[in-house]
Participant: 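Encoded as structure tokens, here's the structure I'll be asking about.
Numbers here simply count residues along the sequence, with the first being 1. Start at 1 and go down the list; that is how both ligands and their atoms are numbered.
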Amino acid sequence: MTHSQKRLRFSFVASVVSALFGVAQVQAQGVLNIYSARHYQTDEALYTDFTKQTGIKINRLDGKEEELVERIKNEGASSPADVLITVDAARLEIADKAGLFQPLKSALLDARIPEALRTPTWAAFSTRARVVVYNKATVNAEWVQTYEDLANPRLKNQICVRSGAHPYNLSLGAAMLAHNGEAKTEEWARGLVANFARAPKGGDPDPLKAVAAGECGVAISNSYYLARLMRSTKPEDQQVVRSLGVVWPNQKTWGTHINVSGAGIAKHAPNRDSAVKFLEYLASDSAQAYFAEGNNEWPVVKSVQVKNPALDTLGPFKPDTLPIGQLAGNTALAQRVYDRAGWR
Ligand code: FE
């Protein structure tokens, strides 16, 4: 067993639930093997609820995206994987390009999920936005109204952001490529790098704290990290939130870049019917609210409402309407552009 395989953990939540409820209530109606790179504690309730509704027992393999993709590749035609769930279009694209998914055919998903949030092989089940955050005491909100603004020399030594190799930033670059073209995106990335306050480090939360501490003036972060801080009862988190201003970028142009949590059915899924049922379940009203709410995201099914004080406070915004499949297809080029621009 390799080191990476050791880090993968099997979870048999559903079987525990079956034991609790007894076989009379939960008839064994098959199994479903989910490989998940989405690590939110609250997702547990989703799996439990699916089993309650369908009697289908879930075996879950949690791991890092790269490990799961590698594993499914190595398992080949005998892979037990039915469903791969992960976050970010850049990662779904890697799995798709590796040929790990089969065509996704479901009239229900077609009806529930907007076309721009589906591809022929995977679908999005929740969305998150990539927002600009600034220190209210040192930065004027007018300076940071667009992603493009962040490359303005006026913001020299102000920007804190995680690595350009991270999927969240690759997807942002992919959107920039679609809207502004390759030359302008590279120029933008160079300008952004020239404005860094420090070398990229950590995840999205680090730059948020660095901005609040005055170490930098501006950060780029996924919306749910901000919502998490807003909902935190820790005084230090509330202090961070008080220092920050938040901008929905590009409201007057192409809209704020959004990304997704998504899933597809594995090419050699031994339990294909259960896999379709599970993805259809994720698009149901209750699962949508739960799936999104569990990580402070927005549901993809338009009619579903979530009651989330942090998301309500952040307010409505105009999202980029670029089809997610087109965005995903640009992520490999985004990496090359960032490499040339020196965004490590
Ligand atoms: Fe994240």
Participant: Mind checking side chain to side chain contact (heavy atoms under 4.5 Å, CB included) for Q238 and listing every partner two or more places apart, or none if nothing turns up?
Facilitator: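 Q238: side chain to side chain contact (heavy atoms under 4.5 Å, CB included) contacts with R242.
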Participant: Within 45° of the ring axis of F125 and under 6.0 Å from its six-membered ring centre, is that where the NZ or CZ of R112 lies?
Facilitator: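 No, R112 does not sit over the ring of F125.
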Participant: Go through the structure and list residues passing side chain to side chain contact (heavy atoms under 4.5 Å, CB included) with R198, not counting sequence neighbours.
Facilitator: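 Testing R198 for side chain to side chain contact (heavy atoms under 4.5 Å, CB included), a comparison that skips the adjacent residues, returns C160, K201, D206, P207, A210, E215.
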Participant: Around the Fe ion (ligand 1), how many protein N, O or S atoms are there at under 2.8 Å?
Facilitator: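 That number is 3, waters not included.
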Participant: Among residues two or more places apart or on two chains, list those pairs meeting ring-ring contact (aromatic ring centres under 6.0 Å, His included) that have a residue in residues 200-236.
Facilitator: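 Every candidate ring-ring contact (aromatic ring centres under 6.0 Å, His included) pair involving residues 200-236 fails, so no pair, neighbours aside, qualifies.
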Participant: Using the six-membered ring wherever Trp is involved, compare the ring planes of F278 and Y47 and label them parallel, tilted or perpendicular (cut-offs 30° and 60°).
Facilitator: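 Rings of F278 and Y47: parallel, as their planes differ by under 30°.
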Participant: Hey, does L92 have a side-chain heavy atom less than 4.5 Å from the side chain of F101?
Facilitator: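 Yes - at least one pair of side-chain heavy atoms lies under 4.5 Å apart.
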